[in-house]
Amino acid sequence: MATAAAGLAPAKEVVEKKVELLKEIRAHEVAIAELDNLNPSRAVYQKAGNIFFCKSVKSVITTEQSNRYCIASFSGYFLSLACIV
């Protein structure tokens, strides 16, 4: 029984990691949708570390889309590893 419980622990961690990654992807999707509704001439502040920088809406959308793509590709890689285990 101890081995069965030990086998379930990694599976639970995989599910928790998948949920966290999906939450991050969803947060980026929401941010992109909100930015799409802004006037293109409006200034937007983007946080980098502890500092906020004034940028255009278009550049912030591009950054958010690339961040979402990186997280999505990482989650796909992570999920493929989970299938191997």
Side-chain angles (χ1 to χ4, degrees):
M1 281 197 173
T3 29
L8 293 177
K12 184 178 179 182
E13 292 173 6
V14 169
V15 171
E16 289 173 358
K17 184 67 173 174
K18 179 181 175 182
V19 169
E20 287 300 316
L21 290 171
L22 290 175
K23 284 181 183 178
E24 285 186 46
I25 291 170
R26 183 66 180 151
H28 284 284
E29 290 173 348
V30 169
I32 291 168
E34 289 177 355
L35 289 166
D36 279 336
N37 290 323
L38 291 178
N39 187 353
S41 63
R42 184 170 178 159
V44 179
Y45 292 90
Q46 185 177 25
K47 188 174 183 180
N50 291 330
I51 303 171
F52 288 89
F53 294 95
C54 185
K55 295 188 172 187
S56 69
V57 173
K58 188 175 182 177
S59 67
V60 175
I61 289 173
T62 304
T63 304
E64 284 295 321
Q65 287 173 338
S66 66
N67 287 344
R68 186 185 81 191
Y69 175 75
C70 291
I71 292 171
S73 62
F74 176 74
S75 68
Y77 172 75
F78 180 75
L79 294 176
S80 66
L81 286 178
C83 294
I84 294 171
V85 174

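The residues of the chain are indexed from 1 along the displayed sequence.
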Notebook entry, point to check: Side chains of Q65 and I61: closer than 4.5 Å at any heavy-atom pair?
Noted result: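 Yes - at least one pair of side-chain heavy atoms lies under 4.5 Å apart.
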Note to self: As an exercise, state the distance from CG of N37 to CD1 of I32, rounded to the nearest 0.5 Å.
What the structure shows: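 So the CG of N37 and the CD1 of I32 are separated by 12.5 Å.
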Notebook entry, point to check: When rounded to the nearest 0.5 angstrom, what distance separates CD in Q46 from SG in C54?
Noted result: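 So the CD of Q46 and the SG of C54 are separated by 11.0 Å.
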Would you list the atom pairs, donor with acceptor, under 3.5 Å between side chains in residues 20-30 and any protein atom, with sequence neighbours excluded?
unit_1, atom_1, unit_2, atom_2, d
R26, NH1, E29, OE1, 3.4
H28, ND1, E64, OE1, 2.6

Margin query: Are there over 12 heavy-atom neighbours, none belonging to N39, within less than 6.0 Å of that residue's CG?
Written below: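 It does: N39 CG has more than 12 such atoms within range.
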Next item on the list: Mind listing the closest non-hydrogen atom pair of S59 and S56 along with its distance?
Entry: OG-O, 3.0 Å
Checklist line | Considering all heavy atoms, the nearest L38-V44 contact | finding: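 Shortest heavy-atom contact: CD1-CG2, 4.0 Å.
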